[in-house]
Amino acid sequence: MAKNQGRRADDISADEIKEFWHDFCERKGVDAATRARGDAKIENDPEYWADQTMPKLLDAVAT
């Protein structure tokens with residue numbers, strides 16, 4: 001608990017968001033190219049994607 005002291009629940013790093021995204025992709029069978037596009041979106045605006053759902057990110061990068 002002390003490790004997270006002073007950290008808000010919505011204070012999440014881009015790497016943590018990508019970890020969650022990668023887990024989602026694995027569960028849903030998302031291909032590597034789509035996963036990479038999601039990584040780029042997360043890197044570009046991690047604060048935005050920290051507040052969004054993974055299905056929304058998938059919709060944003062699906063082609």
Side-chain angles (χ1 to χ4, degrees):
M1 185 80 125
K3 178 180 170 186
N4 292 330
Q5 187 172 1
R7 187 172 181 195
R8 292 176 23 164
D10 63 349
D11 185 17
I12 185 170
S13 72
D15 287 337
E16 290 170 315
I17 301 164
K18 285 194 286 187
E19 183 178 335
F20 191 72
W21 166 241
H22 294 175
D23 290 343
F24 173 84
C25 289
E26 187 174 319
R27 286 190 315 274
K28 299 297 183 180
V30 174
D31 65 274
T34 301
R35 182 177 134 173
R37 287 192 301 274
D39 285 351
K41 284 228 180 249
I42 292 167
E43 283 292 325
N44 188 48
D45 194 355
E47 288 184 22
Y48 175 78
W49 291 108
D51 292 333
Q52 304 304 314
T53 65
M54 294 301 99
K56 183 171 182 172
L57 177 55
L58 181 58
D59 287 346
V61 296
T63 56

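- Here the shortest heavy-atom pairing between Phe24 and Leu58 reads CE2-CD2, 4.0 Å.
- The CD1 atom of Ile42 sits 10.5 Å away from the CZ atom of Phe20 when rounded to the nearest 0.5 Å.
- Within the structure, salt bridge (Lys or Arg N to Asp or Glu O under 4.0 Å) contacts touching residues 22-39 (residues at least two apart or in different chains) do not occur.
- The shortest non-hydrogen separation linking Ala14 to Glu43 is CB-OE2, 4.1 Å.
- With sequence neighbours excluded, no residue satisfies side-chain hydrogen bond (donor to acceptor under 3.5 Å, both in side chains) with Asp59.
- More than 12 non-hydrogen atoms from other residues, nucleotides or ligands lie less than 6.0 angstrom from NZ of Lys18.
- With contacts defined as side-chain heavy-atom distances shorter than 4.5 Å, the pair Asn44/Trp49 does not qualify.
- Counting only heavy atoms from C-beta outward, the side chains of Gln52 and Leu57 never approach each other to under 4.5 Å.
- Residues Ala50 and Ile12 come closest through the heavy atom pair CB-CG2, 3.2 Å.
- Residues satisfying the side-chain hydrogen bond (donor to acceptor under 3.5 Å, both in side chains) test with Glu19, not counting sequence neighbours, are none.
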